[in-house]
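Data block below; observations after.
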Amino acid sequence: MVARAVRTILAFVMIVSGFTAGALVTAGTAHADGCYTWSRTLSEGSSGADVTQLQIRLGGYPGYGSVLAVDGQFGPATAAALKRFQSAYGLTADGVAGPATFSKLYALQDDDCTPVHFTYAELNDCNTTWSGGAVDAATAKANALRTMWKLEALRHALGDQPITVTSGFRSRACNDAVGGASDSRHLYGDAADLGAGPHSLCTLARQARNHGFNGILGPGYPGHDDHTHLDHRGGRFWSAPTCGV
């Protein structure tokens, strides 16, 4: 009788666990659908909008001093970035984007496609329309999304401790109000100023060299002793002399 009772209890627990697991799977799928869902495995030679979406999320894994092109073409650079991403999250680093990779990406993104640790509001405390800068509003917002995914990679590499964004997109009016340069990358939506916190400004500047930022300005560069500035301008310009960058 006791044995039978134990078996009955165990069976009930397994049934409940099954329902719970099913609920979690359903919830994960719904979460992915809120942003973007990949419908096929991607590898070298693949091309299309789904590759573009993958590249946006891999933007922070191009390797030291490199920038990953977001062009919808899955070439060697995308494969290398994917391997770095997979390795960073304990996945099999085979350079093939399949269910395990997509599952991790779904867990890392919110329904608006921003990474879970950053928001559009953090990257724009100037206005709610993303207008008034050097590019149209849609481009500025898209640039900010790419910046956030690079920051997510930076954050993970530094132990998943918080990173504080002190300035992101600026309209010309907002830029003038804070005395920004007339050609500031903030006007394009692709820049972020970071404040010190769990990590020093120099730690942020040095680590950022691995995460797809062509522009890195920090302590020792005029006007940047109180923050580290990151952007993805067209050509590399790194200057944080105090940090050895």
Side-chain angles (χ1 to χ4, degrees), residues 35-36 49 52-62 65-73 77-78 81 109-110 112-115 117-155 163-195 201 204-205 207-219 221-224 226-240 245:
C35 169
Y36 186 85
T52 298
Q53 291 294 327
L54 178 65
Q55 290 170 327
I56 290 171
R57 290 154 181 78
L58 296 179
Y61 293 91
S66 298
V67 176
L68 180 65
V70 179
D71 58 6
Q73 303 297 317
T78 299
Q109 67 187 16
D110 283 327
D112 62 357
C113 295
T114 59
H117 297 108
F118 297 93
T119 67
Y120 281 118
E122 285 181 277
L123 270 290
N124 181 1
D125 61 2
C126 171
N127 60 40
T128 59
T129 62
W130 297 86
S131 62
V135 292
D136 62 84
T139 299
K141 192 172 183 179
N143 286 342
L145 180 64
R146 291 176 61 186
T147 298
M148 281 186 272
W149 279 102
K150 294 181 181 187
L151 291 176
E152 184 71 24
L154 173 64
R155 186 185 191 279
I163 289 177
T164 301
V165 178
T166 60
S167 183
F169 168 76
R170 299 175 192 159
S171 67
R172 294 193 183 280
C174 289
N175 191 57
D176 290 345
V178 298
S182 61
D183 60 345
S184 171
R185 294 310 304 183
H186 291 280
L187 296 168
Y188 296 81
D190 67 8
D193 290 346
L194 309 182
L201 297 178
L204 294 169
Q207 185 62 41
R209 295 175 293 182
N210 300 297
H211 299 293
F213 293 103
N214 264 342
I216 303 175
L217 305 175
Y221 185 80
H224 289 72
D226 62 349
H227 68 281
T228 290
H229 168 97
L230 308 175
D231 65 56
H232 44 265
R233 65 188 68 194
R236 186 195 298 180
F237 184 74
W238 293 351
S239 184
V245 176

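Values below: all heavy atoms of this structure, side chains included; hydrogens, waters and symmetry mates excluded.
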- prompt: Distance-only, no hydrogens or angles: does the Thr228 side chain make a donor-acceptor pair with backbone N or O of Gly218 under 3.5 Å?
  reply: no
query: Is there side-chain contact between Arg146 and Asp190, with at least one heavy-atom pair below 4.5 Å?
result: no
task: Calculate, to the nearest 0.5 Å, the distance between atoms CG and OH belonging to Asp110 and Tyr120 respectively.
output: 10.5 Å
All salt bridge (Lys or Arg N to Asp or Glu O under 4.0 Å) counterparts of Arg233, not counting sequence neighbours: Asp231
- prompt: Rounded to the nearest 0.5 Å, how far apart are CZ of Arg172 and CG of Leu187?
  reply: 5.5 Å
field: Glu152 (side chain) donor-acceptor with Thr114 (main chain) under 3.5 angstrom
entry: no
- prompt: Within the side chain of Asn124, is there an N or O that forms a donor-acceptor pair under 3.5 Å with the backbone of Asn127?
  reply: yes
query: Between Leu230 and Leu151, does a side-chain contact (heavy atoms from CB on, under 4.5 Å) hold up when you go through it step by step?
result: CA-CA 9 Å; Leu230 308 175; Leu151 291 176; 4.1 Å; yes
query: Hey, what do you get for CG (Asn214) to CH2 (Trp238), rounding to the nearest 0.5 Å?
result: 8.0 Å
statement: Here the gap from Leu145 atom CG to Asp112 atom CG, rounded to the nearest 0.5 Å, amounts to 8.0 Å
- request: Determine whether Tyr188 and Thr139 make a side-chain contact, defined as any pair of heavy atoms from C-beta on separated by less than 4.5 Å.
  value: no
task: Take the angle between the ring planes of His224 and His227 and call it parallel below 30°, perpendicular above 60°, tilted in between.
output: tilted
task: Output the distance between atom CG (Asn175) and atom CZ (Phe169), rounded to the nearest 0.5 Å.
output: 9.5 Å
- prompt: Distance from Ile216 atom CD1 to Arg236 atom CZ, nearest 0.5 Å?
  reply: 8.5 Å
field: Sequence-distant partners of Arg155, salt bridge (Lys or Arg N to Asp or Glu O under 4.0 Å), two or more places apart
entry: Asp160
statement: Tightest non-hydrogen contact, residues Gly72 and Gln55, listed as N-OE1, 2.9 Å
